[in-house]
Visitor: 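Take a look at this one; I'll ask things after.
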Amino acid sequence: YIGMTENAGSENRRLMASTFLRPQTWKYFCEKVSLDNCTTPYYDDEGLLIAARPPSDQLEEAKYFLTDSYHGHFAATKDNDCDANPFNCTGHI
């Protein structure tokens, strides 16, 4: 809470915004981040599996995690942008 108050200072807000990125649904990840819509397994730069396959139905599309299939992805959004929103940028709460 303190890091989000008006008197917390821009550096605290900037730290929170850069630390607490927003989770991305499996569907969003496959459609917007993966280069092939998750038709092949997607690994991060450290070799950790992010998505093993595309989601198989609407329930899976909305998930943020599914053991051995989608390990989640976090990204900054406009709400994390402290340059564009210097007084109300936030991290994901």
Visitor: Please name the pair of heavy atoms, one in Gly72 and one in Ile50, separated by the smallest distance, quoted to 0.1 Å.
Guide: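 For Gly72 and Ile50, the tightest heavy-atom pair comes out as O-CG2, 3.6 Å.
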
Visitor: Rounded to the nearest 0.5 Å, what separation is found between the CD atom of Gln24 and the OH atom of Tyr70?
Guide: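 So the CD of Gln24 and the OH of Tyr70 are separated by 7.0 Å.
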
Visitor: What's the spacing between Thr25 OG1 and Glu31 CD if we round to 0.5 Å?
Guide: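 Between atom OG1 of Thr25 and atom CD of Glu31 there are 8.0 Å.
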
Visitor: Looking at every heavy atom in both Leu49 and Pro41, which two are closest together, and how far apart are they?
Guide: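 Scanning both residues, the minimum pair turns out to be CD1-CB, 4.1 Å.
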
Visitor: CG/Leu35 to OH/Tyr42 distance, rounded to the nearest 0.5 angstrom?
Guide: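 Answer for the CG-OH pair, Leu35 versus Tyr42, is 6.0 Å.
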
Visitor: Nearest 0.5 Å please: distance from the CZ atom of Arg22 over to the CZ atom of Phe74.
Guide: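 Reported value, rounded in 0.5 Å steps: 12.0 Å.
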
Visitor: Could you pull out the closest heavy-atom pair between Arg53 and Ser69, with the gap in Å?
Guide: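 Taking Arg53 first and Ser69 second, the nearest heavy atoms are NH2-OG, 3.5 Å.
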
Visitor: I want to check something: taking the side chain as every heavy atom from C-beta on, are Tyr43 and Leu48 in contact at a cut-off of under 4.5 Å?
Guide: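 No; the side chains remain at least 4.5 Å from each other.
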
Visitor: Find out whether Lys32 and His73 are in side-chain contact, i.e. whether some heavy atom of one side chain is under 4.5 Å from a heavy atom of the other.
Guide: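 No, too far: nothing below the 4.5 Å cut-off.
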
Visitor: Do other residues, nucleotides or ligands put more than 12 heavy atoms under 6.0 Å from the CG atom of Asp44?
Guide: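 More than 12 heavy atoms, drawn from other residues, nucleotides or ligands, come within 6.0 Å of this atom.
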
Visitor: Testing the basics here: between Leu66 and His71, what is the closest heavy-atom pair and its distance to 0.1 Å?
Guide: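 The answer is O-CD2, 4.2 Å.
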
Visitor: Closest approach of Pro54 and Cys38, non-hydrogen atoms and distance?
Guide: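 Answer, listing the atom of Pro54 first, then Cys38: CD-O, 2.9 Å.
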
Visitor: Checking Trp26 side chain against Ala51 main chain: does a donor-acceptor pair fall under 3.5 Å?
Guide: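 The answer is no, because no donor-acceptor pair under 3.5 Å joins these two groups.
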
